[in-house]
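Before any comments, here is the structure.
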Amino acid sequence: MDRGKTSLTLSCIGAGRAGKTLCRLFAEQQSELEISIGQIINRSRVSAAEAVAFIGQGRAEEDFENLSPANIWLIATPDNTISAVSESLAASGVLRKGDSVFHCSGSLSSEILSTASDTAYRASVHPIHSFANPENSVHHFSGSACAIEGDQQASAILTELFTGIGGNCFALNPDKKALYHAATVMASNNLVSLLSLSQQLLEATGVQTEGGDNILQSLAENSLNNYFNSDGVAALTGPISRGDNKTIEAHLESLKAHPDWQRVYASLGEIAVGLAAQQGYTSNEQLDTISNLLNPVNKSTN
Ligand SMILES: NC(=O)c1ccc[n+]([C@@H]2O[C@H](COP(=O)([O-])OP(=O)(O)OC[C@H]3O[C@@H](n4cnc5c(N)ncnc54)[C@H](OP(=O)(O)O)[C@@H]3O)[C@@H](O)[C@H]2O)c1
């Protein structure tokens, strides 16, 4: 160990896509914290052994019978199992005063780790990163934002740990986690849903969008670039920004046969009306006319 380095052991329950990627990054990071990976506990020993091979450190386990102490416990099982897993961890008696236990859920706070509270410190760290491909994530995690909340002692050590692997850590109010997670879902999962809907609309016109030349790609990439390289408001172009109410009327008419598509169009259109009002390219009267077209669709129930 280098002079001045703090040496800690981290064990992981649930070394799937997120867990095994983070463990490998922790093991390889070169900060003042020297992390050695202790036990890796998955549902199956085969899966735990695969994770150990990926991480390059650790001992594979499949139950809570033979747990050894660790300074930090990462619970990276699916969200709906975190509470029960933390209870099993606490019941095993392996937790010592001063150890830290954390999970990576975006929507749950550290308070669900309730059974560990009287011995260990609790926190949650949500990396805003998709771990769909762990090998890619090892190389591209750096620069990801990480939302942290929990006990001060656990938050401090985890901030140091995640900063060491290139995370941009920020503090989150635990009471707002569900709303915060809804925001990240809108920018990621719902963005995918929106692009898929856009593709369905094109296909309904007979235009083929599959394959290497998806004609929506450069349009969507331009919009994302414009959004993130401006104050956001300036990125809005199109008929609502210009106040072209007749165009909106034609769009709504063309979507009449698909009320579900029409509703998505109208509710996102209302948000665009708000942005267009901030831009000021068109008059408030024009924007009111557009709102009057969109409102009935937004208020419809079927
Ligand atoms: N994936 C992402 O992009 C991402 C991003 C941010 C945050 N997160 C958070 O990270 C956490 C894990 O998500 P994930 O996508 O990595 O999940 P995942 O790939 O499905 O992996 C879950 C792992 O948990 C293990 N497991 C399940 N139940 C268990 C139990 N009772 N005891 C021990 N191990 C158990 C599984 O073991 P087996 O392999 O044996 O089945 C598997 O290795 C979640 O809280 C999620 O919200 C994920």
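Every heavy atom of this structure was used, including side-chain atoms; hydrogens, water molecules and symmetry mates were not. Order of appearance sets the numbers: ligands from 1, and atoms from 1 within every ligand. The first residue of the sequence shown is numbered 1, and numbering continues consecutively from there.
Legend: ring-ring contact (aromatic ring centres under 6.0 Å, His included) pairs involving residues 70-89, not counting sequence neighbours: none detected.
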Using residues 45-53 as the side-chain source, report each donor-acceptor pair under 3.5 Å to any protein atom, sequence neighbours left out, with the distance given to one decimal.
unit_1 : atom_1 : unit_2 : atom_2 : d
Arg45  : NH1    : Ala60  : O      : 3.1
Ser47  : OG     : Asn42  : ND2    : 2.8

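Residues that satisfy the side chain to side chain contact (heavy atoms under 4.5 Å, CB included) test with Ser36, not counting sequence neighbours, are Thr9, Gln57.
Looking at Ser267, its side chain does come within 3.5 Å of a backbone N or O of Arg263 through a donor-acceptor pair.
Sorted by chain then number, the residues whose non-hydrogen atoms approach ligand 1 to under 4.0 Å are Ile13, Gly14, Ala15, Gly16, Arg17, Ala18, Ile41, Asn42, Arg43, Ser44, Ser47, Ala76, Thr77, Pro78, Asp79, Ile82, Val85, Cys104, Ser105, His126, Pro127, His129, Ser130, Phe131.
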Between Ser68 and Arg59, does the side-chain hydrogen bond (donor to acceptor under 3.5 Å, both in side chains) criterion hold? Intermediate values first, please.
CA-CA 10 Å; Ser68 312; Arg59 300 187 308 285; 3.2 Å; yes
Step by step, work out the side chain to side chain contact (heavy atoms under 4.5 Å, CB included) result for Asn226 and Thr237.
CA-CA 10 Å; Asn226 290 341; Thr237 57; over 6 Å; no
